[in-house]
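Throughout, protein chains are lettered first and strands after them, A, B, ... in sequence-line order, and every chain is numbered starting at 1.
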Amino acid sequence: MAFSAKTPRILINPDHRNLLHPKPYSSKSLCFSNHRKVREISSTKPHQQLSVLNTASFNTQDPNSHLHLLCLHGRLQKALSYFNSMQELQIPLDEDAAVAMCGDLTRARLLFDKMTRRDRISWNAIISGYFENEECLKGIRLFFTMRERGVDPDLMTMTSVISACESLGDERLGREMHGYVIVTGMSDDVSVSNSLIQMYSSLGHWEAAEKVFDRMEWRDVVSWTAMISGYENNVLPDKAVDTYRTMEMQGFVPDEITLASVLSACACLGKLDMGIKLHELARRAGLISYIIVANTLIDMYSKCKCIEKALEVFHNIPDKDVISWTAIILGLRLNNRCFEALIFFRQMKLSLKPNSVTLVSVLSACARIGALMCGKEIHAYALRTGMGLEGFLPNALLDMYVRCGRMEPAWNQFNSQKKDVAAWNILLTGYAQRGQGTLAVEFFNRMLESNVYPDEITFITLLCACSKSGMVTEGLKCFHSMELEYGITPNLKHYACVVDLLGRAGQLEEAYEFILEMPIKPDPAIWGALLNACRIHRQVDLGEFAAQHIFESDTRSIGYYVLLCNFYADNGKWDEVAKVRKMMKDNELTIDPGCSWVEVKGKIHAFLSGDNFHPQINEIKAALEVIYEKMKLAGLDSPECDVINEVEASKAEIFCGHSERLGVAYGLINTAPGTPIWVTKNLYMCQSCHSTIKFISKIVRREISVRDTEQFHHFKDGVCSCGDVGILGKG
DNA sequence: CAATCCTATC
């Protein structure tokens with residue numbers, strides 16, 4: 001071992017402090033750092049260790065590490081007698097050995113109680129033993145007993161006690177301990193201050209943490225890291241990044257935990273350039289082999305929309321853990337690759353057990369593509385493993401049922417779980433998705449009657465529901481009441497909803513004036529909503545004006561190009577369409593192809609638009625051509641649509657290429673007559689598909705449901721539940 | 001180190 005057992009002195013060379021004290025991270029990280037120690041100790045080959053253990057009479061050279069080894073190998077009986085010999089010889093127990101002994105807390109306590117001479121180290125050992133085993137309260141009690149017995153705590157005691165206050169969430173005790181270390185002069189110690197920073201910031205008092213940090217005479221990497229992660233956990237990513245920069249400037253070299261924290265902050269802020277630099281640094285310093293670093297890199301790249309880089313990092317991890325898998329699943333979902341997310345989940349299950357966070361992430365992917373069977377399977381799995389009520393899982397299940405259009409199971413789920421704001425919000429989106437504005441408002445009132453206080457998201461959803469139902473007056477009333485009655489200051493998203501509300505209803509002047517009167521600077525999304533309104537109502541000048549504002553500040557988001565393309569196309573300006581397409585090409589942006597999913601016999605089948613690779617593609621196309629002929633006979637022609645994906649192809653080919661049609665046709669071929677068909681699409685359904693599917697529902701007498709990004713379309717007997725309102729103005 | 005519900009566009 002790197003150090004011998006001795007009572008820590010108050011004044012120590014700062015470079016050695018971290019060796020003598022546990023790192024002041026949360027209890028989880030404490031375990032982590034101990035694992036590292038264990039790994040160091042067991043780095044000698046196992047058979048060598050065993051032979052050492054077997055021949056050992058008494059290792060006077062390094063009794064503590066020998067004791068540690070015995071504990072590691074589960075030779076408890078031997079360890080105990082060894083420990084007794086150490087006691088007799090008055091050899092103090094060091095930190096590592098103590099930690100090892102504490103693997104069996106009950107026995108350690110028995111030993112402790114039997115001990116004839118208890119020095120400070122034995123007290124520290126048993127107290128930190130309790131902390132390590134998440135019995136903080138017992139540890140704290142013993143700490144007070146220790147003081148009653150007249151044994152003064154040392155630096156080691158105090159760092160662990162302060163960390164325990166953090167785990168207990170006991171701020172009052174934490175402040176008391178802070179006072180105590182100031183009085184005893186221990187607060188000058190780096191590790192003690194570090195644990196204070198950690199304690200305060202994890203309890204949400206980042207200002208108090210900052211005060212401790214600012215007053216430190218000298219700091220180490222751990223201090224900086226504690227402060228950076230403190231900012232990060234208190235949702236102050238800007239401060240985290242700034243602090244990291246200062247740290248770097250002062251010549252400190254980040255460790256794996258520093259990197260993980262600052263990468264998280266980059267992910268939060270979408271700082272891709274900085275993230276790439278940190279990635280490079282991690283590679284050079286060899287820190288990338290820490291899974292914690294690799295995992296945050298996956299998250300950072302996904303959130304910065306560089307999913308390919310995220311996948312690359314993921315595939316290079318030799319021993320992927322639950323978090324690696326969860327992060328990549330979430331990344332795929334975030335980047336609109338939900339189908340792959342489900343495939344990754346299936347792969348993951350072959351080697352690892354998912355936890356509730358993983359399930360939440362997968363459910364969110366299921367919800368997005370309407371993968372009901374997969375979602376149900378996860379529901380069953382959650383119930384089986386007893387995770388059903390953990391964390392966000394209940395709401396994720398609720399969301400999955402709502403977004404898959406299954407309101408009955410959704411209500412069952414809602415009635416059997418904790419009804420927080422998010423749960424109500426999720427059901428509210430159900431109404432918004434169906435364009436049922438009146439019902440949404442009614443539901444909102446029910447929510448108020450149940451004494452659930454609305455939040456920002458409630459109002460976004462409500463405004464959106466009003467907008468989709470053309471309820472301008474109601475929507476505006478709702479917007480004004482949110483601040484006046486509920487004290488929620490509208491943010492950019494709310495303003496965007498109002499622009500959309502006015503714009504869709506054709507009140508373009510009002511929408512524009514509304515933007516001018518906004519108290520905050522409008523972002524591209526606000527202008528985007530206006531541009532969309534101008535597209536619907538063919539207002540070329542105002543639309544171009546809005547577009548100018550958009551591209552002044554955002555040239556990387558694909559959506560705005562698509563919107564502008566469709567805007568010009570709808571107004572017949574084809575040369576402008578070509579210009580926008582060139583801009584996209586120059587910026588190396590590609591659009592997502594249309595994609596639809598259909599579940600047949602519990603298996604999900606995905607179709608890209610113009611898909612020619614499906615094994616049954618010829619059958620599917622033949623079926624569609626028959627339908628096309630029948631439509632022509634009935635005097636219906638499919639109108640032009642989908643400008644952006646338009647290919648040089650015959651009309652019949654275009655007709656057959658749309659992914660939702662492929663999905664519907666596949667469902668028709670492979671299910672028994674009369675079975676309802678459920679299709680999910682990643683984009684909006686075009687008018688042509690809408691009328692085609694109406695026609696199909698009539699001639700084959702089937703219920704067909706298509707959920708696009710905007711809403712549900714339930715087709716029956718040639719009529720759609722959206723009353724054709726949902727696709728108005730779509731070309 | 002990873003997490004549900006949120007406008008417009010893909």
Select one nucleotide: of B/dC6, B/dC5, B/dC1, the one nearest the side-chain heavy atoms of A/S261. B/dC1
Of the nucleotides B/dT4, B/dA2, B/dC5, which one has an atom closest to the side chain of A/I323? B/dA2
Can you measure A/I558 atom CD1 to B/dA8 atom P for me and round it to whole angstrom units? 18 Å
Select one nucleotide: of B/dC5, B/dT7, B/dT4, the one nearest the side-chain heavy atoms of A/I460. B/dT7
Sorted by chain and residue number, the side chain to side chain donor-acceptor pair (under 3.5 Å) partners of A/H549 (sequence neighbours excluded) come out as none
Please work out if A/D455 contacts a base, only the sugar-phosphate, or nothing of the nucleic acid, heavy-atom cut-off 4.0 Å. nothing
Roughly, in whole Å, what's the span from CZ in A/R403 to P in B/dT4? 12 Å
Using Watson-Crick or G-U wobble pairs with both distances under 3.5 Å, give me DNA chain B in dot-bracket, 5' to 3', with [ ] for crossers and | for pairs to another strand. ..........
Near DNA chain B, under 4.0 Å by heavy atom, which residues of residues 488-500 of chain A? A/K493, A/A496, A/C497, A/D500
Compute whether any side-chain donor of one residue and acceptor of the other, for A/T358 and A/N355, lie under 3.5 angstrom apart. yes
A/K303 side chain vs A/C268 backbone, donor-acceptor pair below 3.5 Å: no
Separation of B/dC5 atom P from A/L334 atom CG, nearest Å, is 10 Å
Atom pairs and distances, donor-acceptor, side-chain atoms in residues 360-369 of chain A, under 3.5 Å, two or more places apart:
{"residue": "A/S361", "atom": "OG", "partner": "A/V357", "partner atom": "O", "Å": "2.8"}
{"residue": "A/S364", "atom": "OG", "partner": "A/R333", "partner atom": "NE", "Å": "3.4"}
{"residue": "A/S364", "atom": "OG", "partner": "A/R333", "partner atom": "NH1", "Å": "2.6"}

Taking DNA chain B as the partner, which of residues 294-317 of chain A come within under 4.0 angstrom of it by heavy atom? A/N295, A/T296, A/D299, A/K303
Give A/R368 one of three labels, base, sugar-phosphate or nothing, depending on what nucleic acid heavy atoms sit under 4.0 Å from its own. nothing
Between A/W424 and A/F414 (judged by ring centroids, cut-off 6.0 Å), do the two rings come close enough to count as a pair? yes
May I ask you to verify if any side-chain N or O of A/R504 is less than 4.0 angstrom from the OP1 or OP2 atom of B/dT7? no
Please tell me which of A/T461 and A/T358 maps to the more 5' nucleotide of DNA chain B, matching each residue to the nucleotide holding its nearest heavy atom. A/T358
N or O in side chain of A/K468 less than 4.0 angstrom from B/dA8 OP1/OP2: yes
I need the CZ-P distance between A/F567 and B/dA8, as an integer number of Å. 18 Å
Under the rule for side chain to side chain contact (heavy atoms under 4.5 Å, CB included), what residues qualify as partners of A/S289, not counting sequence neighbours? none
Any donor-acceptor pair under 3.5 Å linking the side chain of A/N425 with the backbone of A/T461? no
Hey, what do you get for CD (A/E660) to NE2 (A/H690), rounding to the nearest 0.5 Å? 10.5 Å
In whole angstrom, what separates A/D554's CG from B/dT7's P? 17 Å
Given atom CZ of A/F551 and atom P of B/dA8, what is their separation to the nearest angstrom? 18 Å
Which part of the nucleic acid, if any, lies within reach of A/A525 when heavy atoms closer than 4.0 Å are counted: base, sugar-phosphate only, or nothing? base
Does A/F459 have its ring centroid less than 6.0 Å away from the ring centroid of A/F479? no
With a 4.0 Å cut-off on heavy atoms, is A/L563 in touch with a base, just the backbone sugar-phosphate, or nothing at all? sugar-phosphate
Is any side-chain N or O of A/N566 closer than 4.0 Å to OP1 or OP2 of B/dA8? no
Is the distance from OP1 or OP2 of B/dA2 to the nearest side-chain N or O of A/S264 less than 4.0 Å? yes
Here the distance between atom P of B/dC1 and atom CD1 of A/I328, to the nearest Å, is 19 Å
How many Å lie between CD1 on A/I257 and P on B/dA2, as a whole number? 13 Å
Can a donor-acceptor pair be found, under 3.5 Å and without considering hydrogens, that links the side chain of A/S467 to the backbone of A/L463? no
At under 4.0 Å between heavy atoms, what does A/I457 touch on the DNA or RNA strands: base, sugar-phosphate, or nothing? base
